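Shown next, in structure tokens, is the structure this report addresses.
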Amino acid sequence: MIYQTGYLRMCGIFGIITNQDIPIGQIALEGIKRLEYRGYDSCGIVAQYDSQLFIKKDAGKIDEINERLKLFDFPLESKLALAHTRWATHGPPTKVNSHPHLDCSRKIAVIHNGILENFLELKEQLELEGHKFLSDTDTEVIPHLIERYIRQGIDFTQAVIKAINKCVGAYGVVICHADHPDMIIAVRKESPLVIGIEEGKTTYCASDIPAFLPYTRMCYILEDNEMAILKAGSVKFLNITNPDEPLEKELNKIEWSIDAAEKGGYKHFMLKEIYEEPLALRQTMKIPRSKLQTFAKILWSAKNIYITAAGTSFYASLAGKHIVTKFLGKYIHAIECSEFQIELGDALQEDSVIICVSQSGETIDLIEAVRWAKEKLKKKITLLCITNVVGSSLTRYSDETIVTQAGPEIGVAATKTYCTQVLTLALIALEIARYRKVLNEQEINNYYEALKSTPDIIEDYLKNKVSNIKDIVNNLDKSSNFFYLARGISIATAKEGGLKLKEVACRFIEGYSAAHAKHGPISLVREGFPIIFIAPPDETYQRLVGNVMEFKARGGKIISVVVDSDKIITNLSDRTIRIPQPANKYYNIISPITFIPALQLLSYYAALKNNLDPDQPRNLAKTVTVH
Ligand code: G6P
């Protein structure tokens with residue numbers, strides 16, 4: 001790798017070309033606003049008119065920049081615009097490093113999401129040829145490469161193909177040319193790009209569908225190495241490895257509404273998405289049984305099973321693997337996707353099954369782990385994927401896919417998708433139990449009813465029981481650190497609850513095993529040190545009581561998450577968060593789903609108390625598409 005690390009780039013890209021009298025500046029601005037979850041440290045818009053390109057860009061959040069530069073303000077005669085919201089990788093977030101980037105003649109504009117691994121080499125060659133670079137970005141080599149080929153007499157489209165074929169790395173790239181006001185070119189390799197179309201009028205491209213959903217539901221999903229030539233109200237496709245062959249693509253209709261992707265009256269996406277959990281779970285209960293059975297059968301016949309993911313999806317995997325193992329009778333190895341290759345190396349064997357869990361289906365560490373495994377064992381490995389995004393990169397590498405039904409999740413901190421991932425794994429676990437006949441039908445039914453009641457339990461909690469969360473937050477010392485402790489399956493809940501607080505409220509917390517916390521972490525406990533215990537009445541409960549007493553004896557302030565009927569840990573606690581669910585074994589396995597909304601809300605209100613924006617946590621982005 002020849003690029004520097006230290007900055008991450010996710011980036012949202014948007015393009016529009018029309019033959020209508022519509023305010024394309026305003027539409028482009030709204031487009032990148034809906035993509036802000038992909039990165040938000042700088043942004044820019046370029047529009048074409050009078051045979052020239054006009055650019056407005058700067059570092060900062062979109063709203064701030066818009067206030068200063070009036071990003072929406074371009075004349076109606078302008079029929080083409082590209083817009084970009086950036087997350088820095090190469091070079092800090094500054095005006096010159098913001099996209100779009102231009103060539104020397106200022107006729108070619110490029111926006112890009114991804115990383116060009118060979119950009120230093122290309123930049124050196126181009127500089128020797130006399131090209132002048134203004135920014136530290138890798139992206140800027142693209143307009144200069146295109147310019148190089150146009151100067152050689154090659155036409156615009158062919159010049160783009162030649163330029164892109166020189167680039168090594170990942171890209172979603174969108175390009176326009178001042179002298180070609182009738183076209184936008186979009187190319188994809190490993191970074192998502194979708195094309196939206198209003199037949200005969202307007203064509204859009206974007207990193208994600210919500211960007212153009214207010215205008216059209218009809219879209220094409222670009223695959224790796226595919227290029228789209230956008231004209232007003234039409235689009236042509238070709239494969240850049242075989243550009244002479246025309247490419248036919250399937251037109252998709254998006255069924256979900258834009259409301260699902262917008263805040264719908266809530267102050268933040270995070271809050272809205274927590275309140276959408278009951279709906280997301282109800283939808284996920286509808287995953288076709290045949291899909292669950294396929295996963296169950298593959299897992300049952302597997303020699304070795306791994307589960308891998310990043311961030312919140314990894315903690316969902318930890319909870320889910322607990323439930324699956326319970327009924328499968330085989331151990332599942334959970335490995336963070338970034339460590340997958342290093343940890344397994346030659347130990348990865350034929351006939352293994354890898355379960356990949358990812359909200360976005362685009363997390364680069366996961367994609368790389370999967371690619372490596374496929375490459376190493378060719379066809380003798382099975383990849384099962386659980387993702388929230390149809391057509392995401394991960395689904396293309398997988399043998400079987402289940403799509404969780406959480407709908408679009410915009411808040412950077414994953415909330416509703418966590419619940420649906422755990423539920424999906426639990427539904428697979430029940431199919432395994434049925435398949436292996438380790439439970440009788442009555443017991444399977446009891447577990448199934450418990451899973452089915454998760455939306456009702458969460459709905460009841462959110463409607464009637466949340467009032468003490470704000471109070472708990474207000475009574476937490478603003479500056480203190482704390483622990484989330486648990487045993488057994490609830491360690492995943494402790495880790496995920498803790499991760500949420502770190503992410504959105506910027507507090508240092510540790511989600512840890514309550515038993516293991518005796519071996520070191522307990523030394524931090526002083527009078528008033530807050531400890532949140534996750535305490536469903538499962539087989540670990542009695543021992544957890546002992547742990548609560550140990551921490552209480554050292555002055556710890558005990559806040560516990562318990563079921564409504566709980567008594568023992570309630571009596572030992574300073575505060576309790578009570579979840580309205582029965583206390584029995586069928587319901588204990590659902591506690592990773594039903595206990596988490598309270599902890600998500602606690603993090604949300606802690607963020608507000610610290611004057612932080614929970615939808616845009618510092619240094620984080622929703623989809624991490626670079627290492
Ligand atoms: C980023 C996000 C996390 C997310 C993780 C994995 O770090 O900030 O919220 O859990 O990526 O994302 P995935 O889309 O693979 O679930």
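Below, all heavy atoms of this structure are taken into account, side chains as well, without hydrogens, waters or symmetry copies. None of these values were measured; they are calculated from a predicted model. Remember, it's 1-based here, ligands and their atoms both numbered in the order they're listed.
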*Do any N/O atoms on Ser313 end up under 3.5 angstrom from N/O atoms on ligand 1?*
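Between Ser313 and ligand 1, an N or O pair is found under 3.5 Å apart.
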
*Say whether Lys61 and Gln616, considering side chains only, have a donor N or O and an acceptor N or O under 3.5 Å apart.*
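Gln616 and Lys61 do have a side-chain donor-acceptor pair below 3.5 Å.
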
*Scan side-chain atoms only and decide if Glu496 and Thr312 contain a donor-acceptor pair under the 3.5 Å cut-off.*
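Short answer, yes.
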
_If we check side-chain hydrogen bond (donor to acceptor under 3.5 Å, both in side chains) with Glu409, which of these qualifies: Thr404, Thr417, Thr420?_
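Exactly one candidate clears the test, Thr417.
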
Note the single closest protein heavy atom to [atom], along with its residue, its atom name and the distance in Å.
| atom | answer |
| --- | --- |
| atom 2 (C) of ligand 1 | Lys622 O, 3.3 Å |
| atom 12 (O) of ligand 1 | Thr363 OG1, 3.3 Å |
| atom 10 (O) of ligand 1 | Thr312 N, 2.9 Å |
| atom 7 (O) of ligand 1 | Val624 CG2, 3.9 Å |
| atom 9 (O) of ligand 1 | Val412 O, 3.4 Å |
| atom 6 (C) of ligand 1 | Ala310 O, 3.4 Å |
| atom 8 (O) of ligand 1 | Ala621 O, 2.9 Å |
| atom 14 (O) of ligand 1 | Ser360 OG, 2.6 Å |

_Ring center gap for Tyr315 and Tyr418 short of 6.0 angstrom_ =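 No - the distance between ring centres of Tyr315 and Tyr418 does not fall below the 6.0 Å cut-off.
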
*Should the proximity of Glu503 to ligand 1, defined as any heavy atom under 4.0 Å, be assigned to the side chain, the backbone, both, or neither?*
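The side chain, only.
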
*Is it true that the NZ or CZ of Lys374 lies under 6.0 Å from the centre of Tyr397's six-membered ring and within 45 degrees of the ring axis?*
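Verdict for Tyr397: no cation-pi partner in Lys374.
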
*Roughly how far, to the nearest 0.5 Å, is CG of Leu599 from CD1 of Ile469?*
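With rounding to 0.5 Å, CD1 (Ile469) is 7.5 Å from CG (Leu599).
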
*Identified side chain to side chain contact (heavy atoms under 4.5 Å, CB included) counterpart of Ile323 within the set Ile432, Leu328, Ile590, Ile589*: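 It is Ile589, the one option of Ile432, Leu328, Ile590, Ile589 that forms the side chain to side chain contact (heavy atoms under 4.5 Å, CB included) with Ile323.
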
